[in-house]
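Here's the structure we're looking at; comments come further down.
Bear in mind the structure is a predicted one, so any value in this text is a computation, not a measurement.
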Amino acid sequence: MPTDLPLPPDTAPLPPVLAGPLLRRSSPERLVLWLVGSRSLELSLQLAWSGSQGPQQRLLELDGPHCNHLRIGTHAWLHLIDVALDEPLPTDTPIEYDLLLEEDGRQRGIADWAPHLLHEGAKRPDFVLKSRLDNLLHGSCRKPHFPCEDGLARVDALLAGLRERPQARPALLMLSGDQVYADDVAGPMLVAIHALIRRLGLYGEVLEGALVADSEELYAHPLTYYRREDLLPAFKSSEALRERFFGGVEKPVFTTANAHNHLVTLGEVLAMYLLVWSPVPWTLIRPQRPALEAGLAGRYAGEQQALDDFCAQLPQAARALAHLPCLMIFDDHDVTDDWNLSARWEETAYGHPFSRRIIGNALIAYALCQGWGNNPDVFGETLRQIETLTESSGERLDCRAQDRLIDELLKFQNWHYQLPTTPTLIVLDTRTRRWRSESHLSRPSGLMDWEALSELQQELLDEQAAVIVSPAPIFGVKLIEAVQRLFTLAGHPLLVDAENWMAHRGAAQVILNIFRHSRTPGNYVVLSGDVHYSFAYDVRIRHHAGGPWIWQITSSGIKNQFPAGLLECFDRLNRWLYAPWSPLNWLTKRRRMEVMPRVPHRGRRGERLWNGAGIGQVLLDAQGRPRAIFQHNADGSAATRFVRPAELRQAATPVEAGELETTRLRRSKVE
């Protein structure tokens with residue numbers, strides 16, 4: 001079934017660069033960048049900055065050791081750039097960079113092949129390597145077809161406003177989960193994915209356990225749009241898989257799981273990454289709506305409008321990712337909804353060849369597009385296996401080799417990572433090393449098992465301060481966690497995304513004991529996402545004057561929001577039921593912790609949860625404590641600051657309170 005208009009291959013040549021560069025883990029001694037080209041490119045990296053001795057420049061050839069060329073299709077090559085520097089680069093100084101492309105005997109720079117990556121008046125993109133982790137942007141949950149503005153475009157606007165003030169630039173952008181939605185895909189996006197697969201010749205594959213034999217048959221099947229769950233065979237063994245993996249059930253409290261367009265093949269997931277990180281691939285395809293029944297046609301049209309709005313902001317999003325070092329970690333939607341929720345979920349999903357392949361393909365794509373750039377040193381063997389798989393391919397991947405690679409990735413235990421910054425940054429893997437319930441296989445697993453938590457404690461010993469990235473908040477909204485627990489006890493954890501740190505007694509006790517350990521940091525900042533609303537808590541141990549102090553700061557989503565009326569109801573009920581004097585507090589696992597919510601200065605009276613797409617920002621003092629917490633709203637409205645209630649009560653009226661916070665916001669930007 002054709003889904004795009006034909007493009008003559010000879011008269012429409014592909015541009016050399018399809019996506020990127022993305023700045024990844026970077027330090028004065030090492031630069032890591034990610035880029036996708038339509039062919040294997042000869043590149044060199046040019047750096048320029050102003051030092052104490054005048055203008056400085058370096059030119060680095062990106063030969064074999066510095067750039068891994070990995071073919072993922074006939075006209076698609078990943079370029080994984082990893083440059084160790086003999087002489088460290090300066091910190092707190094703008095450093096311009098260019099990726100020079102050798103073509104027809106001449107060099108072309110970013111201004112030529114990706115002018116959308118340059119701010120107005122700039123000749124090259126730039127970055128700043130901060131000497132301290134004093135300023136972070138963070139967020140999660142970027143769903144392309146959600147009808148709101150894109151928080152990554154807001155990041156670009158922030159950076160544009162700070163071009164003349166490098167000391168105020170953020171040290172990095174932390175994306176804490178759901179960078180892509182592999183399980184919740186709009187119909188027009190899936191059509192575009194298939195058009196791009198054909199345009200670039202992304203590799204196909206054999207599929208087992210489905211009614212289609214291979215990827216080509218999947219793409220052409222009448223059920224491929226909005227009805228993929230019907231491609232499972234009508235066997236009893238497929239019933240649990242269909243319900244848990246493709247169910248698309250209406251969740252009565254939180255969200256609707258729209259799994260009917262779930263990505264299946266490796267080509268589909270890789271194409272999705274290209275389409276959400278770069279405007280260039282959209283210029284190479286002409287998607288055409290497939291034949292759909294009336295109800296689905298209306299849904300398709302609504303999704304198309306939201307995607308058009310998303311694409312309009314893609315140049316800004318791509319520019320942000322090219323100017324700011326970016327770190328990432330997965331959450332469930334990067335692979336599939338409720339990924340590894342319980343031992344029973346794992347038993348069902350990994351026991352069927354079709355769903356095992358779906359999960360494995362998402363992990364391969366995550367390793368290539370996200371994981372490698374966080375910590376390249378741990379992916380050497382994985383890259384070699386992927387190279388072996390793709391280099392031996394014609395137009396289709398070897399089925400057995402692909403399964404062996406997936407088996408290895410499912411056992412991989414180095415998705416987490418740590419940066420030796422000041423304060424130290426530790427990013428948690430809360431998805432693949434879970435503390436499974438042995439007595440009740442259907443109950444939610446702990447987000448990290450005992451061994452992983454023990455390793456975390458060792459990493460924290462004798463540190464003065466730490467920033468911990470946990471995709472799910474460690475200190476969440478008590479009422480919502482109570483609702484999740486009730487559904488779990490009723491045997492329906494899947495209905496309410498019953499995944500939180502307190503859902504598993506063992507994991508909850510260990511993580512709280514780590515905070516109480518005498519040799520772990522005195523100041524913790526916990527950055528989280530996942531929940532589609534934003535909030536900030538100050539947390540301390542009751543009757544423990546010496547600390548530690550903990551700040552739970554949650555920013556979600558970048559392009560997603562919680563149902564407004566439902567969140568307002570939860571917020572109000574939570575304030576009533578879990579007020580400081582409420583005996584319900586002593587029924588929670590955090591009863592030894594005093595949790596003091598901050599309030600959004602632009603919120604209504606008493607409001608603690610902020611519902612609006614955007615990006616979070618945390619400014620840290622010399623001791624690693626937050627001196628300001630913001631949510632920059634994607635709609636361009638004034639930033640929301642999370643303040644202690646006493647700061648607002650000092651003002652005589654709500655109007656004066658708003659003016660006070662606006663003044664402080666302006667001062668903090670000057671600082």
Side-chain angles (χ1 to χ4, degrees), residues 135-141 146-158 161-162 168 170 473 475-477 479-480 525 527-529 531-538 551-576 595-620 626-671:
N135 185 341
L136 299 93
L137 297 180
H138 68 111
S140 74
C141 307
F146 192 86
C148 69
E149 304 296 306
D150 189 351
L152 286 189
R154 187 75 183 109
V155 174
D156 177 61
L158 291 172
L162 296 172
F475 300 89
V477 178
L479 175 64
I480 293 178
V525 172
L527 302 181
S528 302
V531 293
H532 303 168
Y533 49 88
S534 302
F535 61 90
Y537 294 158
D538 296 2
W551 289 268
Q552 171 67 68
I553 304 171
T554 302
S555 176
S556 178
I558 293 175
K559 198 175 188 298
N560 213 333
Q561 295 176 184
F562 203 93
L566 190 57
L567 186 65
E568 183 178 354
C569 178
F570 276 138
D571 194 1
R572 186 171 300 161
L573 285 174
N574 188 70
R575 297 198 303 270
W576 292 345
V595 179
M596 296 161 283
R598 295 196 178 200
V599 295
H601 88 279
R602 294 180 56 210
R604 292 183 293 273
R605 185 176 180 84
E607 186 177 48
R608 297 172 177 175
L609 308 179
W610 182 257
N611 194 17
I615 201 78
Q617 183 178 26
V618 184
L619 306 181
L620 301 176
R627 60 185 180 87
I629 303 170
F630 299 107
Q631 181 72 9
H632 295 281
N633 301 298
D635 62 9
S637 61
T640 302
R641 183 169 180 172
F642 288 94
V643 299
R644 297 181 181 90
E647 294 181 64
L648 286 185
R649 287 198 294 268
Q650 291 172 358
T653 68
V655 172
E656 292 174 0
E659 292 174 349
L660 173 65
E661 292 308 316
T662 299
T663 301
R664 289 180 177 174
L665 174 60
R666 289 171 180 162
R667 287 176 180 170
S668 69
K669 288 185 175 180
V670 171
E671 294 170 1

Test salt bridge (Lys or Arg N to Asp or Glu O under 4.0 Å) applied to [X] - qualifying residues, sequence neighbours left out:
{"X": "Arg602", "result": "none"}
{"X": "Asp156", "result": "Arg319"}
{"X": "Glu149", "result": "none"}

Which atom pair, heavy atoms only, marks the closest approach of His601 to Ala639?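 Looking at all heavy atoms of both residues, the closest pair is CE1-O, 3.3 Å.
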
Looking at every non-hydrogen atom in both residues, tell me the closest pair between Leu527 and Val525 and how far apart they are. CD2-CG1, 3.8 Å

Tell me, do [X] and [Y] make a side-chain contact under 4.5 Å, heavy atoms counted?
{"X": "Ile615", "Y": "Leu158", "value": "yes"}
{"X": "Asp538", "Y": "Trp551", "value": "yes"}
{"X": "Val643", "Y": "Val599", "value": "yes"}

Spacing of [X] atom [atom1] and [Y] atom [atom2] [to the nearest 0.5 Å]:
{"X": "Asn611", "Y": "Phe562", "atom1": "CG", "atom2": "CZ", "result": "8.0 Å"}
{"X": "Leu567", "Y": "Gln561", "atom1": "CG", "atom2": "CD", "result": "10.0 Å"}
{"X": "Arg598", "Y": "Arg641", "atom1": "CZ", "atom2": "CZ", "result": "8.5 Å"}
{"X": "Trp610", "Y": "Thr640", "atom1": "CH2", "atom2": "OG1", "result": "3.5 Å"}

Just one of Leu136, Leu137, Ile553, Ile629 clears the side-chain contact (heavy atoms from CB on, under 4.5 Å) bar with Gln617, so which one? Leu137

Results of side chain to side chain contact (heavy atoms under 4.5 Å, CB included) for [X] - residues two or more places apart only:
{"X": "Ser528", "value": "Ser470, Pro473, Val526, Gln552, Thr554"}
{"X": "Ser555", "value": "His138, Ser534, Gln631"}
{"X": "Pro597", "value": "Tyr537, Arg608"}

Between [X] and [Y] (side chain of the first, backbone of the second, donor and acceptor by atom type, cut-off under 3.5 Å), is there such a pair?
{"X": "Asn633", "Y": "Asp635", "answer": "no"}
{"X": "Asp571", "Y": "Leu609", "answer": "yes"}
{"X": "Lys559", "Y": "Cys148", "answer": "yes"}

